[in-house]
Amino acid sequence: MSAHFLPPCVPVDRLMSSVQQQGYAVLDARSVQQWSGLSAQSLAALQPAWDDLPSDAYLKDGGRYRRRRHSCFVVEGDTVSQVPHRAHWQPIAYNALHGGMLRWFEPMAEAMVADPTWTRLLLQLAATASSLKGAQPWYIESHLFRIDTTDGIGRPTPEGAHRDGVDFVAVFMVGRHRIKGGESRVFEAQGPNGQRFTLTEPWSLLLLDDERVIHETTPIQPVDGPDGLGWRDTLVITLRAGGFQN
C-alpha cells in the first residue's frame, strides 16, 4: 500500500484561526467530538446509512463507481428545518463536468434525518459558519457518498479540482475499506500554495472556505487486485448564505 501523507490536524481552539489564515482546517476524530459535543458512539451509529445508497445515474463518464443520497436543510439560529426535496444543481463555472444539470438524487433516510446526532452536527456547522462570516440563516446541502472500485477505479471528484459555489464545505471521512489512493488536495484559489494528505480516521473533518480554496480527491483503487471491491465513504455538507444555488 502506498504511503499516506498525514493530515495537518489542528486542535479545536485553532479551528477558526486556521480557516481564517489559510482557508481550511483539519480536525481529527477526537477533536470533532469535542467540537460537536457528540460521542464517538453516536457518530458511529450513523454509519450504516452508507450501506444503503442508490447508484448515481448522472455520471457523464459512464462510471458505476458512485452511490449517493442528497437532502437540503436551512439552519436559522437553533432551528434546523428540512426543505422539500429538491434537485442538486451547480453552474458550469463550478462543475465543468456535471454543471447545469438538475440532478435528482434519492433523499436521506428519514431515520437519519430524525436522529439528534444529525441535528447537532448541522447546528454546530452552522454556528461555526456564523462565527466566521456573521450570524445568518445557512442553506445546507448534505451528500452521503460511497465511491467504490466496481470499475477497477473510483473517482471521488470526477470533475477535477474545483470549488462548489458555496461559503463552506465540510468533508467528514466516514470510512475506507480495502483501498489505496483517495488523497485530499487543497490549493489556494488565488495563489501558489497547496497541501496534500489522506483522511483515514472515521469522523475526522476537513473544513474548507470555498471562496478561498480549490479542492479535489485523487482516484481510489482496490488494494488486493482488480477483483477485490473497496470503497471510500464520506459525508459532504455545504453551507451557503443567501439561498440555495438554482
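Values below: every heavy atom of this structure, side chains too, minus hydrogens, waters and symmetry copies.
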Next on the checklist: Is there a side-chain contact (heavy atoms from CB on, under 4.5 Å) between Gln47 and Trp203? Walk through the geometry before answering.
Outcome noted: CA-CA 10 Å; Gln47 291 181 222; Trp203 295 104; 2.9 Å; yes
Next on the checklist: Quick one, Val186 with Leu206, criterion side-chain contact (heavy atoms from CB on, under 4.5 Å). Give me CA distance, side-chain angles, the key distance, then yes/no.
Outcome noted: CA-CA 10 Å; Val186 182; Leu206 168 60; 4.2 Å; yes
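- To the nearest 0.5 Å, the span separating CD on Gln136 from CD on Glu76 amounts to 10.0 Å.
- Counting heavy atoms from C-beta on, the side chains of Leu121 and Leu235 come closer than 4.5 Å.
- Once rounded to the nearest 0.5 Å, the distance linking CG of Leu59 with CD of Glu159 reads 10.0 Å.
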Checklist entry - How far apart are the C-alpha atoms of Thr128 and Met16, what are their side-chain angles, what is the distance that settles it, and do they pass the side-chain contact (heavy atoms from CB on, under 4.5 Å) test? => result CA-CA 8 Å; Thr128 300; Met16 309 290 282; 3.9 Å; yes
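- The two residues Ala241 and Asp167 make their nearest non-hydrogen contact at N-OD1, 2.8 Å.
- Cluster membership check: Trp89 does not share its hydrophobic cluster with Trp138, using side-chain heavy-atom separations under 4.5 Å among Ile, Leu, Val, Met, Phe, Trp and Tyr.
- For residues 28-38, no residue pair satisfies the salt bridge (Lys or Arg N to Asp or Glu O under 4.0 Å) rule, not counting sequence neighbours.
- Note: Arg67 CZ to Asp56 CG = 10.5 Å, rounded to the nearest 0.5 Å.
- Side-chain contact check for Gln20 versus Leu132: some heavy-atom pair is nearer than 4.5 Å.
- The two atoms that bring Leu199 and Ser204 nearest to each other are CD2-OG, 4.1 Å, heavy atoms only.
- Counting only residues at least two apart or on different chains, the salt bridge (Lys or Arg N to Asp or Glu O under 4.0 Å) pairs with a member in residues 185-203 are Glu183-Arg185, Glu183-Arg196.
- When all heavy atoms of Gly230 and Thr149 are compared, the closest pair comes out as N-OG1, 2.8 Å.
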Next on the checklist: Go through it in stages, so that I can follow the logic: the residues are Asn246 and Arg86, the test is side-chain contact (heavy atoms from CB on, under 4.5 Å), and I'd like the CA-CA distance, side-chain angles, deciding distance and then a yes or no.
Outcome noted: CA-CA 10 Å; Asn246 53 49; Arg86 62 194 306 278; 4.0 Å; yes
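- Using a 4.0 Å cut-off between charged nitrogen and carboxylate oxygen, Lys133 and Asp209 count as a salt-bridge pair.
- The side-chain contact (heavy atoms from CB on, under 4.5 Å) test applied to Pro54 returns Arg69, Glu106, not counting sequence neighbours.
- By the 4.5 Å heavy-atom criterion applied to side chains, Val74 and Phe244 are counted as neighbours.
- A donor-acceptor distance shorter than 3.5 angstrom exists from the side chain of Asp61 to the backbone of Gly63, with no hydrogens or angles considered.
- Put simply, CG on Asp210 and CZ on Arg163 are 5.5 Å apart, with the number rounded to the nearest 0.5 Å.
- Within the 4.5 Å cutoff, the side chain of Trp35 has heavy atoms near those of the Leu27 side chain.
- Side-chain contact, His70 with Glu141: a donor N or O sits under 3.5 Å from an acceptor N or O.
- Seen from the ring of Phe105, Arg68 counts as a face-on cation partner, given the 6.0 Å and 45° thresholds.
- The distance from atom CE of Met173 to atom OG of Ser184, rounded to the nearest 0.5 Å, is 6.5 Å.
- Evaluation of the salt bridge (Lys or Arg N to Asp or Glu O under 4.0 Å) rule for Asp115 yields no partner, not counting sequence neighbours.
- Across all non-hydrogen atoms, the minimal contact from Leu125 to Ala170 is CD2-CB, 3.8 Å.
- Under a hydrophobic clustering in which Ile, Leu, Val, Met, Phe, Trp and Tyr are joined whenever their side-chain heavy atoms come within less than 4.5 Å, directly or via other members, Ile147 and Ile179 fall into the same cluster.
- Cluster annotation: Val169 and Phe172 are assigned to distinct hydrophobic clusters (Ile/Leu/Val/Met/Phe/Trp/Tyr, side-chain heavy-atom contacts under 4.5 Å, transitive).
- Residues in residues 232-242 take part in these side-chain hydrogen bond (donor to acceptor under 3.5 Å, both in side chains) pairs, two or more places apart or across chains: Arg146-Asp233.
- Note: the hydrophobic cluster containing Phe168 also contains Val12 (ILVMFWY, side chain heavy atoms under 4.5 Å, direct or indirect links).
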Item to check | Audit row: Tyr24, Gln195, side chain to side chain donor-acceptor pair (under 3.5 Å) steps and yes/no | outcome: CA-CA 10 Å; Tyr24 70 94; Gln195 192 152 14; 2.4 Å; yes
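- A donor atom on one side chain and an acceptor atom on the other are found under 3.5 Å apart for Ser42 and Ser39.
- Side-chain contact between Met108 and His85 is absent, with no heavy-atom pair separated by less than 4.5 Å.
- Of all heavy-atom pairs between Gly152 and Pro222, the closest is O-CD, 3.4 Å.
- Taking all atoms of both residues into account, the shortest heavy-atom contact from Tyr65 to Pro158 is OH-CB, 3.4 Å.
- Under the 4.5 Å side-chain criterion, counting only non-hydrogen atoms from C-beta, Arg66 is not in contact with Arg155.
- Atom CG of Asp51 has more than 12 heavy atoms from other residues, nucleotides or ligands within 6.0 Å.
- Between Trp50 and Leu144, the closest side-chain pair of non-hydrogen atoms falls below 4.5 Å.
- For Ser36 (side chain) and Leu38 (main-chain N/O), a donor-acceptor pair under 3.5 Å exists by modelled atom type.
- The closest side-chain heavy-atom distance from Val10 to Val26 is not below 4.5 Å.
- Remark: Leu122 pairs with Phe73, Val75, Val80, Trp118, Ile140, Ile237 by the side-chain contact (heavy atoms from CB on, under 4.5 Å) rule, at least two apart or across chains.
- Val236 and Tyr139 fall into different hydrophobic clusters, where Ile, Leu, Val, Met, Phe, Trp and Tyr side chains are chained together by heavy-atom contacts under 4.5 Å.
- In this structure, Leu15 CG and Ser131 OG are separated by 9.5 Å, a value rounded to the nearest 0.5 Å.
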